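In this text the structure is predicted, and so the values were computed from the model without any measurement. Here is how names work: the chains are called A, B, and so on, in the same order as the sequence lines, proteins then strands, and each is numbered from 1.
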Amino acid sequence: MSQEEELHVLDAHDHGDHDHGAHGDHDHDDHDDDHHDEAPLADLPPTPVHGYWKSLRELEGDAAFQVSGSVAEFPPGADKPNHDPLSRRNFFHLMGASMALAGVGACQRYEKEEIVPLARRPEDQTPGVTQQYATAFELGGVGHSLLATAFEGRPIKLDGNPEHPFASGGVVTGTERHAGCSTFVQASILHLYDPDRSQGPTSDHGVASSLDAFRAQLGQLRAGLATTTVLSEATSSPTVRALRTKLIGLGVRWHEYEPLSWDNERAGTRMAFGDRSLRPIAKLDRAETIVTLDCDIFTEHPASMKYSRDFARSRRQNGWLGIGAMSRLWSIESVFTNTGAMADHRLALRSELGLPFAMALDAALRGGPTPTSEFLKEPKVDKFLKVLIEELKQNKGKAVVIAGRRQPPEVHALVARINQSIGAPGATLEYVEDPDGDRPAHLRSINDLAHQMAAGAVGTLIMLGGNPVYDAPADLNFAAALKSVKTSIHLHEYRNETSLLSSWHVPRAHFLEAWGDVQTWDGTVTVAQPLVAPLYGGLSVIELLSLLLGDEKSGDALVQAAHKDLGIDGNWKQTVHDGFVANTQLAPVQQPTVAEFPLPTLAGGQLAGSLRVNGELEVVFHQSSFTYDGRYANNAWLWETPDFLTKVTWDNYALVGASTASGLSLENDTLIKVKVNELELELPCYTIPGQAAGTIGLVLGGGRTAAGHVGGTGTRTVGWDTYKVRTTRGWDFAGKATVTATGKGYTLANIQEHWDIRTGVGNVGAIAREQGSVNAGGLAERLPELIRETTNKTLAENKAWHAEGSEGFFNDLVNAGNTDRPGEGGFSLFKEKDYQGHRWAMAIDLSTCTGCNACMVACQAENNVPVVGRKEVMNNREMSWIRIDRYFSGSVEDPQVVHQPVGCQHCEQAPCEQVCPVGATTHSDEGLNDMAYNRCIGTRYCANNCPYKVRRFNFLDWNKEFRDARNKVRRLLFNPDVTVRMRGVMEKCTFCVQRIQNAKIRTKAQIRGGQQPGSINGPMPDGTVETACQQACPTEAIVFGDLSDKDSRVSRLHEDRRSYALLPETYTKPRNRFLARVRNPNPSLVAGGGHE
Amino acid sequence: MSTADATVESHHEDAGKARAAFRAVTRDVAWVAEAPKPHKAWIAVLAIALLMFGIGLYSIFVLVTTGIGVWGNSNTVDWAWDITNFVWWIGIGHAGTLISAVLYLTRQTWRVSINRSAEAMTIFAVMCAGLFPLLHTGRPWFAWWMLPHPNDMQMWPQFRSPLMWDVFAVSTYATTSILFWFMGLVPDLATFRDRCAGRGEKVKAIIYGCLALGWRGSARQWHRYERAYLILAGLATPLVFSVHSVVSFDFATSQLPGWHTTIFPPYFVAGAIFSGFAMVFTLLIPARHLFNLKHIIKDEHVEAACKIMLGTGMMVGLAYATEFFIAWYSGNLFEKFAFVNRAFGPFWWAYFLMVGCNVLVPQAFWFKRVRRAPVIIFVLCILINVGMWFERFVIIATSLARTFLPAQWSSYSPTRYDVGLFVGTIGLFFTLFLLFFRFAPVIAISEVKGAMPEAHAGKKH
């Protein structure tokens, strides 16, 4: 039976039994009855043309029915698609679909907005065009020169001032226009618009008052200036100094306190140079050997921006900005810092061992007795020291030693002597006279003050900034002492812990709201000009001091007067424009000679080996990357910027090294109890590889109780108050600490180990257990693919070495031409783009990236990147467009670190673009991977398909808070050139497309206007466009530019043999290339040191 | 099968006897809908289903008003339960299409007892599945932008995206399945209409009458019906293979290790049929017991389905093994890691749950005693559905949690809204299924009759 017959049989069966149906034996041809019952039309006569017809049939049978005599049921062409766009059928097709979808199309949700234009254009402003002003910022008594960007009168961005002699380098010609900027500077603009800032003076412990009432109060005080004491934050301001001199002349006692102070260095140089407070300033660009002793020169040192840039220049041998020989960085430190991460050789030592180490170094270089400490005999230390000494001896005049803030004065004095032994002064090191050399040291000052207050000797206390109730040494009990002061006045931006206990609180003007001046670390007098009138009222320090003196001068008048007295009143207009007074840097002290000084006898832990038992542990107080010393506690940007090394956000913690943690059975993410000098503290523990054994690093700056909505209130705090165990006896570090595990858990919001932290790379206690586990295996195998490294030696000796060379897993693919250069090998299923104009690209040098996070905060400020908070960070929803991946390698005790900043790689063959169903992410003609937020429907497929995981989804409405009335002011901070994204859309790094467009417009306008030669479609001069991250980078590790310009820096870096693409085997052809990290180990340490 | 002529002949002779048997079938199926009061168990289960559906509606409300952030998804695990559930539901639907279309074309007469409910299951499963791609978008009110439509912005969907293909694949599948199901229902709805009219239930008769589209059972109607049924079966057959292949392209065409696998289309189709059959019998084993349909949905039918599950289960097992082999054989370290991590990484338990349920559990169907024990089959079917859910979860979430750059590795855990929406779709599915069971002919009456020996009177069947 044929297939067809069988089907008919089945039909009969299937419906032959319907209760009401006819039974199955019907004729299968029945159904054809409707058709074919007419006679063939071919028989019809042709249509009459004469006008007469015989029958209806003849009339209807027009010619169309009769084409070539065929039998046609339907008119000709009926079986073909109708091409008439306005046929009835097509019309109904379109109308039907349009009507149906028009209903859906009404489902739009637009943000409500109002636009009120200016009725008249303000003078010297072009609407929509930003303006830049030079100003200054001070942190911990050190000035930094800034360039503030304002949009229609409101500051929106802060950057380093590239004109400033100390901020900019100019080591290599043509690079002056670059100045890095630390995270704290970048983020400080957030405070300007912080609605938590104090809104008005209060008197009598919290009763709302007015500035007039305060002026009246100052009038009364003026009568009794002899019983008045001022407690100031450290300041370098010449104006404050001038006013201080006047006040001291009137009997005012003056104290200064900073919780993070470099006074040990001053005290040390006083020891070394016979009561002269000299400030050493290293010239890292001239140094070939740099030794840091418990000192983070990249993020903590007052000159860190300068040091970072100079160091980077001394590291680059070839290519842009290189200056020749490559320096070698040695780091001896307790807590792992960025400097240790950048170092070629790092020795983890407890901070208390700094002294014997310096003594040993000094003794070896100068001759003298070597200390008898146990740890010096340990093979690792011994070898390290020997090789270091050898190198220092060889590199006389080309080496420099820098000691850190924590080390006692004796170490600084020893370092001065060591530097003299190695011929550093005059070559790699300059000494300048400390402009404030005669002020008492901070610790002594606060100690004296607290005792006077407790004794009732202080009638009136005026506190200029600061927060001593929170951050003064715990044993001074400053809060109690403050209560015995009759009148206490606290000038601060916030009503903080100290304000709450003071009788008067006066709001302080933000530095962008007031005139002032500072000195940068080299002494250059730098002027701070206001960009806006104080948003909440408020006085600056100099205005308050001037009021106290009885003359109500404006801030600029005060600064001008002070400069006049100093004899530096040049052209004021020029000074304000430039932001600094030229040629006011401190003159180097010629050939200071180190005097003999007594050395203390070593005791206790200093004589011991590197391992210590519980109870003998050392506690080290560590600067917070989030809040500095606690003062930025209300800064959400900083809290959410992960720590340089731990990658933790929104918390401070105790850092515990590998062996210490396993010895004490401490786990990551558990609460531990730290007991120092009978004081106790509970906080979470973070185990970090490479921290000195026996050292517990306590990060300062958490646990504020009156910081604001972000940083902590009485009921909810962020982090843990480590000042509770910081006393005058153990201010920098303290011995005899006991640590116990409480058994309670506490999860730290870590952005890099969202996954099970106990199996993480950053986690030592567990690494040993995890050796051979799936994660550890996967990591070990892939890291060499992701992070390319080489040594200085290899680069010099093997001219054929190439980062994308023959070593490595995927190199056959790489060699097949996976580059971003057109026409070179490889193939894609999709048509590859042919670029005519600009081809934007970036290069990031892993050799000079110190992981300082400046780029992250700069990006956040530039691109309106939202903050998500601790809980959402733990949910892995942080929004940063550029992140810094941190990887450890080597052993747990002696690891190496590499930082890898990863933003959107702007792949030419972008995997994200291919999978977006609505085409919301597309490629621009200039090779940018663009994101159309208003087209995005949020499928998140692009993020899944991005091998670099740089896409960030708005899982929730992160900008919801900006709709609150109290947060309205914060909206003024938004960069108007960048869309604020709504929930449900994807976002990512755009290569600062708004900056590219602005630069293009500016350049074209200039070319059209004849101010600049060139063609408006041609390449722009290299460096015209600077991305925000590039601008902030203190080491110039990020370079952006146009690949179509063969001579641009980025083109040359892409051609460099160190350059490589991340994940080349995915054939994404990224427009960002990394430059392999170059290490420069000492050959003597390579063999046995376990490096390489 | 016997010859056509002989069948027609003998059919006439035994017409009287056959009619009685046919009437019995009609009665046995129709009583479920005609019973004045629903079964107590039915009410109880419906109440539970409605409660679950309510939880789902609440979850949807919170999701749409708050954002995807109420789920556990993150910037590294951007898809998790949402797409897992989508693929799982779509897979479940496949058995319905397979039973109604493929088995129809291949003349597997045993299909007639289950095809109606399997098709209904398909439709309800596709409805549940369709919710997820819609709701998982960040801005679901714009999800219609995925449809090509004329607009003044000249914007058009991006046809390189597999999500775009999904839109077409799933909507075609849904349309065809609904047409197919409804087509098949028409004669039976007419039966219901006539029975209602006969009992004087006018309202019901009018409703069934409207749905029956004026079916009179004329020979010509039957003829057209058969033709259309055949055409739809022909159309639906490739869909069994295409829909899940296209869904698998979401993963296969991406470049994520663990997703980027050419084996996915056949592997997903086998898995879909596997899970679909498991779901059909999860539903029908209790149903045939509750509604006394054991003489229609016979043990042999259940046994045949068990054999299919055994076969597809082994295909899935082969796919798992092949994936591992290829990952190793490729020498690609990211691939290798993705699979090793799947089995021995932090989600190892999900992987072994998957292998256990999908590969080991169906091995029990080698034994005839198991294939004849409805209670055991019911339990095993549920296990298979769990396993198949975990298969999708393992593919989606564990791959995303461990992509190329270790610094971006993360973990995943669902929130109550993830669970809520999933529970809600189960509620929706059962609600619809129970309503269908109560108000529509759950068994294709006319088709069953066609497959009965009486329809082939005089011939050995």
Side-chain angles (χ1 to χ4, degrees), chain A residues 1 5 8-9 11-22 25-26 30-31 94 97-98 101 104 107 109 752 754-756 774 778-779 781-782 786 809 875-877 885 911 914-919 937-941 943-945 947-949 952-953 955-957 983-985 1063 1066, chain B residues 3-4 7-8 11 22 26 66-69 74-76 78-79 137-139 141-146 149-150 157-158 160-164 187 191 194 217-220 222-223 226 254-256 333 337 340-341 344-346 400 403-411 446-447 449-450 455-456:
Chain A
M1 182 183 273
E5 281 166 335
H8 287 314
V9 173
D11 289 353
H13 292 159
D14 283 354
H15 54 70
D17 26 20
H18 191 278
D19 283 15
H20 300 271
D25 49 352
H26 56 278
D30 277 357
H31 68 292
L94 283 174
S98 303
L101 288 164
V104 196
C107 306
R109 187 178 143 194
Q752 211 176 317
H754 291 291
W755 39 304
D756 183 8
V774 175
L779 278 170
E781 210 174 11
R782 71 179 61 187
L786 309 176
F809 181 76
N875 284 338
N876 192 7
R877 289 169 181 166
D885 290 349
Q914 284 153 28
V915 298
C916 176
V918 293
I937 61 171
T939 66
R940 305 188 296 290
Y941 198 173
N944 285 338
N945 210 26
Y948 311 102
K949 285 276 175 221
R952 300 282 179 250
F953 186 67
F955 278 96
L956 294 166
D957 187 358
R983 83 159 158 95
V985 304
L1063 302 173
T1066 51
Chain B
T3 66
T7 312
V8 175
H11 188 73
F22 294 151
T26 308
T66 317
I68 302 298
S74 68
N75 270 326
T76 48
D78 277 283
W79 289 350
T137 59
R139 304 197 293 174
W141 49 94
F142 286 137
W144 56 282
W145 286 353
M146 293 215 267
H149 62 280
Q158 218 262 103
R160 289 189 298 174
S161 169
L163 279 189
M164 189 70 249
T191 305
D194 297 340
S218 72
R220 198 157 76 188
W222 273 117
H223 182 84
E226 292 294 343
S254 79
Q255 42 184 343
L256 193 69
L333 61 94
F337 176 78
V340 173
N341 175 62
F344 305 107
L400 284 170
T403 56
F404 293 98
L405 304 186
Q408 288 296 294
W409 287 358
S410 77
S411 188
S446 56
E447 290 197 58
K449 289 173 185 168
H456 314 274

(message) Given 3.5 Å as the limit, does a donor-acceptor pair link the side chain of B:Trp145 with the main chain of A:Pro917, or not?
(response)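 Looks like no, no N/O pair under 3.5 Å.
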(request) List the steps and the verdict of side-chain contact (heavy atoms from CB on, under 4.5 Å) for A:Lys949 and B:Leu405. (result) CA-CA 8 Å; A:Lys949 285 276 175 221; B:Leu405 304 186; 5.8 Å; no
(message) Holding to side chain to side chain contact (heavy atoms under 4.5 Å, CB included), I want the full list of residues that pass it with B:Gln255, two or more places apart in sequence or in another chain.
(response)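 Checked B:Gln255 against side chain to side chain contact (heavy atoms under 4.5 Å, CB included); matches are A:Pro911, A:Asn945, A:Pro947, A:Thr1066, A:Thr1068.
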(request) Applying side chain to side chain contact (heavy atoms under 4.5 Å, CB included), name anything that partners B:Pro162, two or more places apart in sequence or on another chain. (result)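 Expected list: A:Val915, A:Tyr941, B:Trp165, B:Phe249, B:Asp250, B:Thr253.
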(message) Could you go through A:Phe955 and B:Asp78, starting from their C-alpha distance and side-chain angles, then the distance that decides it, and tell me whether this counts as side-chain contact (heavy atoms from CB on, under 4.5 Å)?
(response) CA-CA 10 Å; A:Phe955 278 96; B:Asp78 277 283; 3.8 Å; yes
(message) Within the structure provided, determine whether B:Ile68 and A:Arg983 are in side-chain contact (heavy-atom separation under 4.5 Å).
(response)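 Side-chain contact under 4.5 Å: no.
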(request) Please examine the side chains of B:Ser161 and A:Thr939, heavy atoms only from C-beta on, and report whether any two atoms are closer than 4.5 Å. (result)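 SC-SC contact between A:Thr939 and B:Ser161 ruled out.
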(request) Working to the nearest 0.5 Å, report the span between OG of B:Ser74 and CZ of A:Arg952. (result)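 Here the rounded value is 9.5 Å.
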(message) How long is the straight-line distance from CD1 of A:Ile937 back to CG of B:Leu163, given to the nearest 0.5 Å?
(response)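 Those atoms lie 8.0 Å apart.
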(message) Report which part of B:Pro157 has an atom under 4.5 Å of a heavy atom belonging to chain A: side chain, backbone, both, or neither.
(response)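 When you check distances to chain A, atoms from both the backbone and side chain of B:Pro157 fall under 4.5 Å.
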Please give me the minimum heavy-atom distance between [X] and [Y], naming the atom from each residue.
X        : Y        : value
A:Arg877 : B:Gly69  : NH1-O, 2.9 Å
A:Phe953 : B:Asn75  : N-OD1, 2.9 Å
A:Leu786 : B:Phe404 : CD1-O, 4.0 Å
B:Thr76  : A:Asn944 : O-OD1, 4.4 Å

